[in-house]
Amino acid sequence: MHTFANKFLIFFSLIFCFYACTEPTPNKEAPQASIFDITKQKISDSAMVVSAHPLATQAGIEILQKGGNAIDAMVAVHFALAVAYPRAGNIGGGGFMVYRDKDGSVNTLDFREKAPTNAHRDMYLDSLGKIVDSLSLTGHLASGVPGSVEGMYAAHQQYGKLAWELLVQPAIDLANEGIKVTEREAVAYNEHMRLFKQFNTHKNAFVKEQPWKKGDLLIQKDLANVLLRIRDKGRAGFYEGETADLIVREMQKTQGIISHEDLKNYNAVWRAPIQFEYKGYKMISMPPPSSGGICLAELFNMVEGQPMEAWGFQSAQSIHLFTEAARRAYADRTEHLGDLDFYPVPVQQLTSQAYADMRMQDYVDSIATPSDSISHGNPYPKESEQTTHYCVVDAEGNAISVTTTINSNFGSKVIVEQGGFFMNNEMDDFSAKPGVPNQFGLLGNEANAIAPHKRMLSSMTPTIVEKDGQFFMAVGSPGGSKIITTVFQVITNVIDFKLPLKDAVHLPRFHFQWLPDLLYHEEGAFSDELLEELKALGHTPQSRAPIGQVEAVLRLPNGQLEGVGDIRGDDDAKGF
Ligand code: GLY
């Protein structure tokens, strides 16, 4: 085996040991350490759920066992995540669903947040045209109109099998009865306590006198009441009546602009997926307002034809090629991608092999191209943090891949008074000003400028892969700008580098996004020799915190399903 790979495996064993030691795994000598049964890898015969929290995974499994399909389980998982994983699971945010049914037909649902009616292009600039610090990130003005409840409702109306009430109930029970917080959740609540207090003077479930610790009970009565209304009234239980009143009242405390009309008029949109072929596999991913599907297509088209497999997993050559492809794809993202309903995104051109070939004409295999000498391409004809992912595959073979978010950890940090849920800070995903990066260092131009009712550009990349006309894999991740490269790496790890799914998800990752011109890698991911090789090629490696938090399901050659949850979180896979 390649020497680098050996080192990665040693690193992998160390981080796995670290997580195993800090995770609540069953341990007779230390019963306190066990809160949940977290399973990182599961092989099952017919159905699988993988999510960022074991209680959400369990909610999905129980719905499947009651005869629900993948969409039913999705609804249960989504609402359970809103209770058990409030940093990203949500009803105050939005997301995307990629769906493939047992017969092979595909669809996507866009339930991304929308800019409120009173939003305008310069809403985050001061009188001198400068960005006002944090205005798009924290507080009431940072929120777009939430889409999650409408998304769940619309998906269920279209494809659901069991009664809606049954699917919302597990989340209500979790909120009422309380959940024991994991070590990671306790740390996250404590780290954000100052902001929780700053933006919420009312009584809420998250602010308490003593620091949170593992095993503390989080009871969310206000949230349970909102979920009850959603259970009983469907979308109207959120977008109208008492919940809408609570949201608008919360907004009016300071500068928030979400109105009753904005809530009532929110709509989710069914969109044709981005589909493309790679080495005999068919990729099905999310179109705009996500940049995920288009950038993924660009990346795969740019690397296809190169001997990645021979170069090996995380060899200097394969990292170099990947980086050069990402440099070009992210430059294109900056210029060309935004909400299709507002901007003529050249989807066909950007996802074509001819365009990828043209973009890679100046690729040199022996030296990095400095990002300041790369710009976006011209796809027109001459005339012309925190987020979370879950996957479900049901016993019939229907599959969903959903990424959902309130953007940063705990979104805008605003908890709706008497509603008990966090509002998103998705407005930061717009380009507040050309040339000024957002929290992920992403730039944007006209295509992603703010406009009323427009959806902000996303990097969420829920993806399903098909082989020989059959479901092969479902995958996705949180991570802002790093989502696309994370999904790309997990898929290439399986297809090109032939890694078992567990290694493909758990092994260290890297990321590159054009600007800043830095090749990020997880701590310990690259050996000293590899770092030297990459520097010699002209790259600037920089170590950083974990990249992505993947959930994935793979169909094995014998027809069984393998589910893997990432070791970078409390992620859990269950199946039967
Ligand atoms: N909020 C992160 C994303 O949508 O890409």
Side-chain angles (χ1 to χ4, degrees), residues 52 78 81 85-98 108-115 124 134 136-138 142-148 151 268-269 271 274 285-296 299 326 329-330 332-334 337-340 345 385-390 401-414 422-432 437-444 447-448 450 454-463 475-488 511 513-514 547-551:
H78 193 101
L81 280 171
Y85 193 62
R87 67 166 74 189
N90 67 81
I91 55 175
F96 302 122
M97 173 192 79
V98 175
T108 79
L109 183 62
D110 164 6
F111 54 98
R112 180 73 162 163
E113 299 92 326
K114 292 173 82 167
Y124 298 114
S134 300
S136 65
L137 277 173
T138 45
S143 295
V145 184
S148 283
V269 183
R271 299 188 189 276
I274 298 288
S285 193
M286 197 64 210
S290 177
S291 58
I294 289 181
C295 288
L296 206 59
L299 288 172
Y330 277 81
D332 284 347
R333 182 193 192 281
T334 303
L337 299 196
D339 184 351
L340 260 175
V345 178
E385 349 163 45
Q386 195 42 311
T387 297
T388 189
H389 185 82
Y390 54 93
S401 184
V402 173
T403 313
T404 181
T405 188
I406 41 177
N407 200 12
S408 308
N409 264 325
F410 308 103
S412 67
K413 318 299 181 277
V414 171
F422 287 95
M423 288 295 289
N424 68 81
N425 61 345
E426 222 71 63
M427 293 295 282
D428 190 64
D429 274 349
F430 277 118
S431 170
N438 74 357
Q439 66 165 333
F440 302 115
L442 289 167
L443 300 168
N448 192 31
I450 304 172
K454 187 172 174 181
R455 294 168 206 257
M456 53 298 284
L457 185 61
S458 171
S459 299
M460 293 188 286
T461 314
T463 298
V475 59
S477 175
S481 57
K482 297 172 289 301
I483 295 174
I484 302 164
T485 53
T486 294
V487 169
F488 176 80
H511 171 72
Q513 63 177 51
W514 179 49
I547 293 174
Q549 192 177 318
V550 171
E551 323 297 342

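Because the structure is predicted, anything quoted here is derived from the model rather than measured. Counting starts at 1 for both ligands and their atoms, in listed order. FYI, the numbering just counts along the sequence from 1. Note: hydrogens, waters and symmetry copies are ignored here, and every other heavy atom, side chains too, is used.
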Partners passing salt bridge (charged side-chain N to carboxylate O under 4.0 Å, His left out) against Glu426 (at least two apart in sequence or in another chain) = Arg112
Per-pair distances, ligand 1 N/O vs protein N/O, less than 3.5 Å:
unit_1   : atom_1 : unit_2 : atom_2 : d
ligand 1 : 1 (N)  : Asn407 : OD1    : 2.7
ligand 1 : 1 (N)  : Glu426 : OE2    : 2.7
ligand 1 : 1 (N)  : Asp429 : OD2    : 2.7
ligand 1 : 4 (O)  : Arg112 : NH1    : 3.0
ligand 1 : 4 (O)  : Arg112 : NH2    : 3.3
ligand 1 : 4 (O)  : Asp429 : OD2    : 3.2
ligand 1 : 4 (O)  : Ser458 : OG     : 2.7
ligand 1 : 5 (O)  : Ser458 : OG     : 3.3
ligand 1 : 5 (O)  : Ser459 : N      : 2.7

key: CD-OG distance between Gln439 and Ser481, expressed to the nearest 0.5 angstrom   = 9.0 Å
remark   = Applying side-chain contact (heavy atoms from CB on, under 4.5 Å) to Thr463 and not counting sequence neighbours gives Ser285, Leu296, Thr461, Val465, Val475, Val487, Ile491
inquiry  = Run the side-chain contact (heavy atoms from CB on, under 4.5 Å) test against Pro287 and tell me which residues pass, sequence neighbours left out.
reply    = Thr108, Arg271, Ile274
task = Walk me through it: do His389 and Phe96 pass the test ring-ring contact (aromatic ring centres under 6.0 Å, His included)?
result = CA-CA 10 Å; His389 185 82; Phe96 302 122; over 10 Å; no
request  = Please determine, by modelled atom types, if Asn90 and Thr404 share a side-chain donor-acceptor pair under 3.5 angstrom.
outcome  =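 Yes, Thr404 and Asn90 have a side-chain donor paired with an acceptor closer than 3.5 Å.
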